[in-house]
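For clarity, every value in this text was computed on a predicted model and none was experimentally measured.
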Amino acid sequence: MARLEEYEAKRDFRSTPEPRGAARGKGGKLSFVVQKHDATRLHYDFRLEHDGALWSWAVTRGPSDDPGEKRLAVRTEDHPLDYAGFEGVIPEGQYGAGSVMLWDRGDWEPQDDDPAAALKAGKLKVRLHGERMRGGWTLVRMKPCKSGGARENWLLIKERDGDATDDPDGLTRRHDRSVESGRRMEEIAEGAADRKGRKARKRKMPEPVRPQLATLRDSAPKGEEWWQEPKFDGYRCLLAIGADGVVAWSRGGHDWSDRFAPLIGPAGALECDAALIDGEVTAGGGGGDFSTLQKALSTGGPLTFHAFDLLHLDGQDMTARPLRDRRAALEKLLEDQPEDGAIRLSPYIEGAAEQVLTHLCGAGAEGIISKRADAPYRSGRSTDWIKVKCVQGAEFVIGGWLPSDKRGRPFASLLLGSFEDERLVYRGRVGTGFDAAAMRMLAERLDPLACKTPAFDDAPRAVAKHARWVTPELVAQVRYAEFTAQGQIRHGIFEGLREDKEAQEVSAAQELAALPAQDAGEVEYRGIRISSADRAVYPKPALTKGGIARHYDRVAERMLEHAADRPVALVRMPSGLDGPRFFQRHLGKGFPEAVRSVSVTGADGGTVEYITLPDPAALLGSVQMGTLEVHIHGARNDRLDRPDRLVFDLDPDEDLPFAAVRKAAHEIGALMERFGLACAPMVTGGKGVHVVVPLRRTAGWETLRGFAEGVARGFKRRAPERYTASASKSNREGRIFVDWLRNGIAATAVSPYSLRARPGASVALPVDWDELAKLDRADGFGVEEAAQRAGRSCPLLEASAGAPGLSLSVFDAMEDWLEERD
């Protein structure tokens, strides 16, 4: 058609792999794509679907999500819709010769009634829903220069909204891999692997096995034979690699290669002849969250495979070998994979399970999986693998729903159950966590399952009276605050449907636990009655539950200058240091009324209620519930999208002396001073130091996290023998982990003046730089020292006075530092 005449005239389709295509109607949402193009000059091709083809612009420096940065966008010929899926190499001698990467994709909405007329008028406003480019953007045509020219010059400008940042090149700097194949430009140029993962391999692809499963426990195991790995919130996956390419197998043995398509190319590029790798698929960074993964699967978004076991390699069955040997072989196989790639090595940490649990929970993780390092791989559930959760979450079978009285809402809540001894037992309702798309999807899935027979025989009469029953086939992933004494969930939040589990597999037997027994004795602080006050919690120095309440009463005013009116996470150990440990973010049964909650918007747009401590009574109320540690969020309740503190957690290898940690803290402090940022150190009461940077609330979470990661990786690059930016035990030996993950939207860090849940009853305390230089340990302060310091000036509060924000000048200073020669 006429729109594509110029496109076709410039290309010889006998020589170029580019699609010939045709202009056509597609229907549905309008798509957009951005292709990174290494032609005569590197640029980014920005394309918007309209009327059966793609409007196209060449953005010379790439898009910028800083509204103050106007990027030149040269209008080019329209392209066919099929071009939106093109990634590869245009041969030499052809128009546009060079590598082409699928850099971003999604759909777009015109903000004008007639986008074609707006384009003709020279100002087109759009809203993008991409994997990288989001929110409002404007294209503005520039006046033609006097010398004329065939091409139109436009400007691509980000609007000031919640998706904007103040980092001009952050968007292109952060994302250098394909959203389709996970490859970098040089890998595309080399033809590392096609989308089916095919390479010149000779060995037959290994057959999948039933995966090994972990047994749920309420506390982590003790002993040096265990090591810990993070628990991910995703789908279990076995990647099989061989002569026929790559297949992604689900936990149930189904071929999910189409669903996990973004992983196939990166897996196929691995240097092996055949392999079978066990791991977990997530989306959304870090350990992921299930609702974000569901969206990524539905849109073809980026995925991450966290590899944690190797079951077959180049013809050798590895399952009978001990875990430490399998892990060593896996590390060698993945040694060239980037830390932020689509295929990543899951980190592990040996020993100190409870400390690892607290650390990972504080960083927003799901929990830990403790594994015996000397055990073989055994299919099925085993006590060689133990899982302990930071947050409560499980699968439940949908047995029915309750109708809604709100117009346009297909149901009010779902009725959940679990199979116990082949009987479906009622486990409660879930009525939050649904957006409009999820509700439509669920209504479509539930409608054909409708039946008249009640799914449960034990549902409460008030529920059964209004219920609409369905055949119990669908499995829902749900987060919840706790189980009631009747075995039902409280404060459930729907996260998505699980397609990898059959309904008959779902049981809540592992999730149910007895409430801890209470001891005698009672005291009162701040109007809060502390029961079981004489129960011993810490052995040496001896400290009872009443003594813990006294500590928090004495430091309350000073501590709350740091911790009040933020979302918090509590480390609860109601039975003492030898009992189970709970990392709790949500209000549960029995909390005093003084303890409040705050609504936090999740990745799916829904809201979650987090604990917050507005005053001393709330702090003491948390102690009544067995709280030992208080961990604080990086933002205040009144502006949760704008953090006001940044934390560098210096976590040393066990064998490093504290002097090495002191030196690292001083180096980071000096760097922050160079950047124009005030900061103060805090000894954590453990083995590390936090360098805390107070901030004016000008930047969002992505900017904060990017800055923290840049600093951490800069230290690693400049002194790799001393620093690492990875939590992996293998990377930390003899080094200090500069933990930048404390700066994520779901992460927390231990609060100043908080007790630590470890022998010795140490307290996390801010100190000044001169004092830090004289300390010989990070856990040397107890409750008495904390009470004394609470009445004196606080170095961290002093650093907070007039704190600047993460401005452009800060990032310029960081770039100068990163570019310096060592």
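- Using a 4.5 Å cut-off on side-chain heavy atoms (C-beta onward), Tyr723 and Arg718 make no contact.
- Among all heavy-atom pairs drawn from Val397 and Glu473, the shortest one is CG1-N, 4.4 Å.
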With salt bridge (Lys or Arg N to Asp or Glu O under 4.0 Å) as the criterion, how do Arg732 and Asp653 come out once you've worked through the C-alpha distance, each side chain's angles and the decisive distance to 0.1 Å?
CA-CA 6 Å; Arg732 202 186 307 190; Asp653 178 54; over 6 Å; no
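- Side-chain atoms of Arg378 and Gln212 include no donor-acceptor pair closer than 3.5 Å.
- Applying the ring-ring contact (aromatic ring centres under 6.0 Å, His included) rule to Phe737 yields no partners; only residues at least two apart in sequence or on another chain are considered.
- Atom CD of Glu225 is surrounded by more than 12 heavy atoms from other residues, nucleotides or ligands within 6.0 Å.
- Partner Ile277 forms a side-chain contact (heavy atoms from CB on, under 4.5 Å) with one of Ile343, Ile241, Leu238 and no other, that one being Ile241.
- Side chain of Asp314 to backbone of Ala274: a donor-acceptor contact under 3.5 angstrom is found.
- Partners of Phe419 by ring-ring contact (aromatic ring centres under 6.0 Å, His included), not counting sequence neighbours: none found.
- By the 4.5 Å heavy-atom criterion applied to side chains, Arg105 and Val34 are not counted as neighbours.
- Closest non-hydrogen pair, Tyr348 versus Glu331, comes out as CE2-OE2, 3.5 Å.
- Inter-residue side-chain proximity for Thr282 and Thr304 is flagged as met; some heavy-atom pair is nearer than 4.5 Å.
- Judged purely by atom type and a 3.5 angstrom limit, Arg344 uses its side chain to pair as donor or acceptor with the backbone of Gly341.
- In terms of modelled atom types and a separation under 3.5 Å, the side chain of Arg735 and the main chain of Pro720 share a donor-acceptor contact.
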side-chain contact (heavy atoms from CB on, under 4.5 Å) evaluation trace for Gln35 with Glu87:
CA-CA 8 Å; Gln35 286 155 313; Glu87 177 173 286; over 6 Å; no
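- Put simply, the side chain of Leu311 does not reach to within 4.5 Å of the side chain of Pro206, judged on heavy atoms.
- Residues meeting the ring-ring contact (aromatic ring centres under 6.0 Å, His included) test with Tyr235, sequence neighbours left out: Trp256, Phe290.
- Using a 4.0 Å cut-off between charged side-chain N and carboxylate O, Glu709 and Arg713 make a salt bridge.
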Does the pair Tyr377 and Asp278 meet the rule for a side chain to side chain donor-acceptor pair (under 3.5 Å), with working shown?
CA-CA 11 Å; Tyr377 189 94; Asp278 193 359; 2.7 Å; yes
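- Here the side chain of Arg134 pairs a donor or acceptor atom with the backbone of Gly130 at under 3.5 angstrom.
- Taking CG of Leu128 as the reference point, atom CH2 of Trp108 lies at 9.0 Å (rounded to 0.5 Å).
- Considering all non-hydrogen atoms of both residues, Pro80 and Leu54 come closest at O-CD1, 3.2 Å.
- One finds the CG atom of Asp651 at 11.0 Å from the CG atom of Leu741 (value rounded to the nearest 0.5 Å).
- Taking each heavy atom of Glu271 and Leu333 in turn, the nearest pair found is O-CD1, 3.6 Å.
- Closest non-hydrogen pair, Ala97 versus Glu92, comes out as CB-CA, 3.9 Å.
- Panel note: side chain Arg251, backbone Cys237; no donor-acceptor pair is recorded below 3.5 Å.
- Looking at Asp325, its side chain never comes within 3.5 Å of a backbone N or O of Pro322 through a donor-acceptor pair.
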Given Glu18 and Val100, is the side-chain contact (heavy atoms from CB on, under 4.5 Å) satisfied, shown in steps?
CA-CA 10 Å; Glu18 296 167 281; Val100 177; over 6 Å; no
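- Between Val475 and Leu497 there is no side-chain heavy-atom pair separated by less than 4.5 Å.
- No side-chain N or O of Asp317 forms a donor-acceptor pair with one of His312 less than 3.5 Å apart.
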Is there a side-chain contact (heavy atoms from CB on, under 4.5 Å) between Glu280 and Phe305 once you walk through the steps?
CA-CA 6 Å; Glu280 188 98 354; Phe305 178 75; over 6 Å; no
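- Two residues are said to be in side-chain contact when any heavy atoms from C-beta on lie closer than 4.5 Å; Arg705 and Ile745 fail this criterion.
- At least one donor-acceptor pair under 3.5 Å links the side chain of Thr215 to the backbone N or O of Ser382.
- Note that CD of Glu495 is 5.5 Å distant from CG of Asp233, once rounded to the nearest 0.5 Å.
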Please step through side-chain contact (heavy atoms from CB on, under 4.5 Å) for the pair Lys204 and Asp273, ending with a clear verdict.
CA-CA 9 Å; Lys204 182 181 177 182; Asp273 212 30; over 6 Å; no
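- Formation of a donor-acceptor pair under 3.5 Å by the Trp103 side chain with backbone atoms of His175 is found in this model.
- Proximity of Leu42 to Lys36: side-chain heavy atoms (C-beta onward) are separated by under 4.5 Å at one or more points.
- Interatomic distance, Glu229 CD to Asp309 CG, rounded to the nearest 0.5 Å: 7.5 Å.
- The line from CZ of Arg177 to CD of Glu187 is 5.0 Å long, rounded to the nearest 0.5 Å.
- Taking CH2 of Trp226 as the reference point, atom CD1 of Ile369 lies at 11.0 Å (rounded to 0.5 Å).
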Walk me through whether Ser56 and Arg47 qualify under side chain to side chain donor-acceptor pair (under 3.5 Å).
CA-CA 4 Å; Ser56 298; Arg47 311 189 195 280; 2.9 Å; yes
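- Side-chain atoms of Pro211 and Ser379, non-hydrogen and from C-beta on, never get closer than 4.5 Å to each other.
- In this structure, Asp176 pairs ionically with Arg184, as a charged nitrogen and a carboxylate oxygen lie closer than 4.0 Å.
- Arg132 and Leu171 make their closest contact through O-CD1, 3.6 Å (heavy atoms, listed as atom of the first residue, atom of the second, distance).
- Of the residues Phe46, Trp57, Tyr7, Phe86, the one that meets the ring pair (Phe, Tyr, Trp, His ring centres under 6.0 Å) test with His79 is Tyr7.
- Not one N or O on the side chain of Asp82 forms a donor-acceptor pair closer than 3.5 Å with the backbone of Pro19.
- Side-chain atoms of Thr16 do not come within 3.5 Å of backbone N or O of Phe13 as any donor-acceptor pair.
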Walk me through whether Gln228 and Ser370 qualify under side chain to side chain donor-acceptor pair (under 3.5 Å).
CA-CA 4 Å; Gln228 280 58 243; Ser370 296; 2.8 Å; yes
Check step by step if side chain to side chain donor-acceptor pair (under 3.5 Å) holds for Ser31 and Glu49.
CA-CA 5 Å; Ser31 64; Glu49 176 190 350; 2.9 Å; yes
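- By the 6.0 Å and 45° rule, Arg372 does not stack over the aromatic ring of Trp385.
- Residue-environment remark: CD (Glu502) stays at or below the threshold of 12 foreign heavy atoms within 6.0 Å.
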